[in-house]
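Counting starts at 1 for both ligands and their atoms, following the listed order.
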Amino acid sequence: MSDKATLEVNGNKHDFPIIVGTENEVAIDIKSLRGVTGGVTTIDAGYKNTGSCESEITFLDGEKGILRYRGYSIEELAEKADFLEVAYLLIFGELPTKEQHDKFHADIKSKSIVDDDVRKIIDAFPKSAHPMGVLSSLTSALTAFNPSSVNVDSEADMYNSVVKILGKFPVLVAWTMRKKQGLPLDYGSNSLGYVENVLKMMFKQPNEDYVQNKIIVDALDKLLILHADHEQNCSTSTVRIVGSSHAGLFASLSAGISALWGPLHGGANQAVLEMLEAIREDGGDTKKYMAKAKDKNDPFRLMGFGHRVYKNFDPRARIIKKAADEVLADLGVDDPILEIAKGLEQEALNDDYFVKRKLYPNVDFYSGIIYRAMGIPTDMFTVMFALGRLPGWIAQWREMRLRKEPIGRPRQLYVGETLRPFKKIEKR
Ligand code: ACO
């Protein structure tokens, strides 16, 4: 492999260094492009070919269907680790020792109280508000209750802000759901594991003890791990770019939550379930919906299918599909929607349109079926995704700040009007 790439512009040749990552990915470093060419820029709508940073956090190979956090395979982590271990791994780079894990959890718990005035903000939302809008607003509101900015040169300051948000975020998640259901806003219990506490905060009824169900705890733990990071996706890039202006961690996360909300990204898990439900209500005719998905005059897309990076099975989808089978069987839930999903998948995998375009089920195709079996309302699915993605966003924000990355500011190619004289309003 040559160590430089040559580009000819207007008859002049320019060399650009080629850099190679630890997994032998190759990138052309065009930092000097505008300088040496006198202002020529690149256009890459949707950043399909553009690397925005160098990162040590997550490796994925979309052709081979590989996903690794800090070098550990997603399959091994989903099977053997717990969510907090994975959060620590993503954020700090190594799996924690038992002492580090216990201290991390204790520190998170010690910061989990949310200012009581936050309840007033929640009260001001109409019950009809979408939970993702509420969660994004509440995360942003945390900046008002925690106004001091993080000194990124101080390890203690960084650590403090990390454990603070990991402690408070599950409370906001639970309160977002409970407000909508008219249930009292409460805290869980510091004697519980992180995921157990999330479940208790979400589901505890005021007049009953909450009994943990190990099947549900394990399933949620796995789902959160599978969602914990996915390198430079839309929401993560948003977190990094907002943070690159030196906006605070909570403000950057709030922007990431908004980016995640869209149905082409994290909002797909809600959209998948609504689609499967609509197919069921329409008599379960999967062929009809396959035809709609392929019809270029129909805006319908098969939600939960396709991915910008994976041109092979999304490895997370494989794990989640297996988990969906197991969890539903263990819980004794017989959900006809699972059969519809499997039917759609089979048809898509054998259909020329999907095969040619390398469209496979993504992480969102089966996750909603598990959330539903756990009793989580459909409009909370993307909130659960955000809870899982939180460590990834934090890790990426922290990495961006520690590497002292410059402010994110893309270029454009202007294609609008050239200079023209102003006409007074009565002359237009
Ligand atoms: N159903 C039907 N056709 C599809 C689908 C789909 N789900 N996804 C892509 N295609 C088609 C496109 O129409 C296009 O066809 P064409 O080449 O004939 O024009 C081709 O496949 C390529 O699709 P693009 O939209 O160009 O691919 P892109 O990489 O920009 O988009 C995306 C990826 C947004 C995920 C897309 O596949 C999609 O909309 N999927 C459904 C939504 C979804 O499940 N999103 C969750 C992604 S995972 C996540 O973010 C957590």
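Considering only residues two or more places apart in sequence or on other chains, S244 meets the side-chain contact (heavy atoms from CB on, under 4.5 Å) condition with I241, M400, I407.
A donor-acceptor contact under 3.5 angstrom links the side chains of S235 and H265, judged on distance only. Between the side chains of S55 and E399, a donor-acceptor pair is found at a separation under 3.5 Å.
Residues M158 and V152 have side chains in contact (heavy-atom distance under 4.5 Å, counting atoms from C-beta outward).
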Given side chain to side chain donor-acceptor pair (under 3.5 Å), test T382 with N269 step by step and report yes or no. CA-CA 6 Å; T382 317; N269 58 12; 2.9 Å; yes
If you look at each N/O of ligand 1, which protein N/O atoms lie under 3.5 Å away, and at what distance?
| unit_1 | atom_1 | unit_2 | atom_2 | d |
| --- | --- | --- | --- | --- |
| ligand 1 | 1 (N) | L302 | N | 3.1 |
| ligand 1 | 3 (N) | Y353 | OH | 2.9 |
| ligand 1 | 7 (N) | L302 | O | 2.7 |
| ligand 1 | 7 (N) | F305 | O | 3.0 |
| ligand 1 | 13 (O) | K296 | NZ | 2.9 |
| ligand 1 | 13 (O) | R301 | NH2 | 3.3 |
| ligand 1 | 15 (O) | K296 | NZ | 3.1 |
| ligand 1 | 15 (O) | R357 | NE | 3.1 |
| ligand 1 | 18 (O) | K296 | NZ | 3.0 |
| ligand 1 | 18 (O) | R357 | NE | 3.1 |
| ligand 1 | 18 (O) | R357 | NH2 | 2.9 |
| ligand 1 | 25 (O) | R301 | NH1 | 3.1 |
| ligand 1 | 25 (O) | R301 | NH2 | 3.0 |
| ligand 1 | 29 (O) | R308 | NE | 2.8 |
| ligand 1 | 30 (O) | R308 | NH2 | 3.0 |
| ligand 1 | 39 (O) | R301 | NH1 | 2.7 |
| ligand 1 | 40 (N) | F305 | O | 2.9 |
| ligand 1 | 44 (O) | G304 | N | 2.8 |
| ligand 1 | 44 (O) | N362 | ND2 | 2.9 |
| ligand 1 | 45 (N) | L264 | O | 3.1 |
| ligand 1 | 50 (O) | H265 | ND1 | 2.8 |

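Each of Y69, Y310, F385 was compared with H230 under the ring-ring contact (aromatic ring centres under 6.0 Å, His included) criterion, and only Y310 meets it.
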